[in-house]
K.L.:
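Mind having a look at this structure? Questions to follow.
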2 protein chains.
Amino acid sequence: MISFDSFVVTDKSPIYMQILRYIQRGIAAGQICDGDELPSRRVLSALLGINPNTVQKAYRLLEERGLIESHTGAKSLMCLDSETVEVIRAELLESDAKAVVGTMKQLGISKTQALALIERYWGEETAE
Amino acid sequence: MISFDSFVVTDKSPIYMQILRYIQRGIAAGQICDGDELPSRRVLSALLGINPNTVQKAYRLLEERGLIESHTGAKSLMCLDSETVEVIRAELLESDAKAVVGTMKQLGISKTQALALIERYWGEETAE
DNA sequence: CAAACTGTATTATATGTATAATACAGTTGT
DNA sequence: ACAACTGTATTATACATATAATACAGTTTG
């Protein structure tokens with residue numbers, strides 16, 4: 001069963017989009033795998049304190065992207081192959097990197113300063 | 001006169017928020033200074049191809065934050081002191097750094113990998 | 001079988017964002 | 001003074017997001 005423990009709604013973007021991204025990041029990080037069971041619409045909505053329709057909207061998008069399989073009455077399952085996982089991972093990495101480079105450049109930060117800043121905010125990550 | 005040449009509406013967030021951020025980043029980068037003249041609501045809306053009311057909403061927020069001064073009939077001017085500029089700069093840097101660190105960590109990237117990725121996407125920035 | 005769960009669909013309501021069309025008061029430039 | 005610009009305000013409309021309250025069909029489980 002996919003966990004939503006670390007899901008938080010701080011963002012101002014639509015909740016159904018945040019759910020979508022949460023799943024995609026889970027896939028990219030290898031925490032969410034093919035065949036994994038998703039919480040039901042009602043259960044997840046109760047868990048997150050949001051409307052079932054909002055969860056449904058997110059799940060519908062995931063299905064349209066071919067990432068999950070849903071059938072009336074049955075539980076919804078993740079539907080992934082290794083190629084899909086790699087594509088998602090690459091997409092997320094690229095968009096993240098581009099975003100940070102873009103905003104930092106706009107602030108007039110040098111590459112060295114940017115790297116130092118990120119290193120500092122990485123915090124107590126010791127190993128690696 | 002403050003330039004909006006490098007302003008683009010790609011983001012999904014509200015346009016008036018994007019205008020707000022654009023100004024704030026300009027302030028932080030030192031491109032926008034105290035006393036600078038803002039384009040009028042009508043002119044900027046025509047320039048960006050959006051509704052005057054949307055620009056007004058952004059300008060109103062800037063005024064509520066004390067960053068601009070507006071008076072009926074008169075042109076709107078930036079209203080900044082060095083302390084304000086530093087606060088804005090620090091806020092933007094912190095939120096950007098936190099955002100990228102958060103998302104990269106969620107993807108299970110190591111600090112070294114993250115730094116390498118950013119360095120790569122920084123592109124052809126030669127000096128510094 | 002029957003109860004309790006699934007997914008799916010519909011209708012209504014509220015709010016935020018954006019547009020459109022005006023209107024009016026104050027300032028600026030000729 | 002007068003025209004052309006400013007800022008500000010109002011009303012109406014449209015769309016996206018989110019909630020609420022149901023309803024129904026299919027499955028899973030005891």
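Side chains are part of it too, since the values below use all heavy atoms of this structure and drop only hydrogens, waters and symmetry mates.
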K.L.:
Mind checking B:Val55 for me? I need base, sugar-phosphate or nothing, with any heavy atom below 4.0 Å counting as a touch.
P.N.:
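If one applies the 4.0 Å heavy-atom cut-off, B:Val55 turns out to touch nothing in the nucleic acid.
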K.L.:
Round to a whole Å and report the spacing from NE2 of B:His71 to P of D:dC5.
P.N.:
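Going from B:His71 (NE2) to D:dC5 (P), I get 22 Å.
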K.L.:
What integer distance in Å separates B:Lys57:NZ from D:dT10:C1'?
P.N.:
15 Å
K.L.:
Whole angstrom is fine here: how far is it from CD in A:Glu37 over to C1' in C:dT6?
P.N.:
10 Å
K.L.:
Could you state the atom-to-atom distance from OH of B:Tyr59 to P of D:dT6 in whole Å?
P.N.:
10 Å
K.L.:
Given D:dT6, is OP1 or OP2 found less than 4.0 Å from the side-chain N or O atoms of B:Thr72?
P.N.:
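Checking D:dT6 against B:Thr72, no side-chain N or O comes under 4.0 Å of OP1 or OP2.
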K.L.:
Looking for any heavy atom pair under 4.0 Å, which part of the strands does A:Arg60 touch: base, sugar-phosphate only, or nothing?
P.N.:
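Here A:Arg60 touches no strand at all.
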K.L.:
Under 6.0 Å from the CZ atom of B:Arg60, do we count more than 12 heavy atoms belonging to anything else shown?
P.N.:
no
K.L.:
Which whole-number value in Å describes the distance from B:Leu48 CG to C:dA18 P?
P.N.:
12 Å
K.L.:
Nearest of C:dA25, C:dA18, C:dT10 to any side-chain atom of A:Asn53?
P.N.:
C:dT10
K.L.:
Over all heavy atoms of both residues, which pair between A:Leu77 and A:Glu37 is shortest? Give the atoms and the distance, please.
P.N.:
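Shortest heavy-atom contact: CD2-CA, 3.8 Å.
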K.L.:
Across the strands shown, which category fits A:Val9 at heavy-atom distances under 4.0 angstrom: base, sugar-phosphate, nothing?
P.N.:
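If one applies the 4.0 Å heavy-atom cut-off, A:Val9 turns out to touch nothing in the nucleic acid.
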K.L.:
Quick check on D:dT8: is either OP1 or OP2 less than 4.0 Å from any side-chain nitrogen or oxygen of B:Arg41?
P.N.:
yes
K.L.:
Where the side chain of A:Thr84 meets the backbone of A:Leu80, is there a donor-acceptor pair that is under 3.5 Å apart?
P.N.:
no
K.L.:
Any donor-acceptor pair under 3.5 Å linking the side chain of A:Lys105 with the backbone of B:Trp122?
P.N.:
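Side chain of A:Lys105 to backbone of B:Trp122, a donor-acceptor pair under 3.5 Å: yes, one is there.
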K.L.:
Counting N and O atoms only, with roles assigned by atom type, does the side chain of A:Gln24 sit under 3.5 Å from a partner on the main chain of A:Leu92, one being a donor and the other an acceptor?
P.N.:
no
K.L.:
Remember a base hit wins even if backbone is also touched, and classify A:Glu63 as base, sugar-phosphate or nothing at under 4.0 Å, heavy atoms.
P.N.:
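Sugar-phosphate contact only - A:Glu63 comes under 4.0 Å of backbone atoms but never of a base.
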K.L.:
Is the phosphate of D:dG7 approached by B:Gln56 (side-chain N or O, under 4.0 Å from OP1 or OP2)?
P.N.:
no
K.L.:
Please give, in whole Å, the distance from C:dT8 P to A:Arg42 CZ?
P.N.:
11 Å
K.L.:
Can you tell me how far C1' of C:dT19 sits from CD1 of B:Ile50, to the nearest Å?
P.N.:
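In whole Å, C:dT19 C1' and B:Ile50 CD1 are 11 Å from each other.
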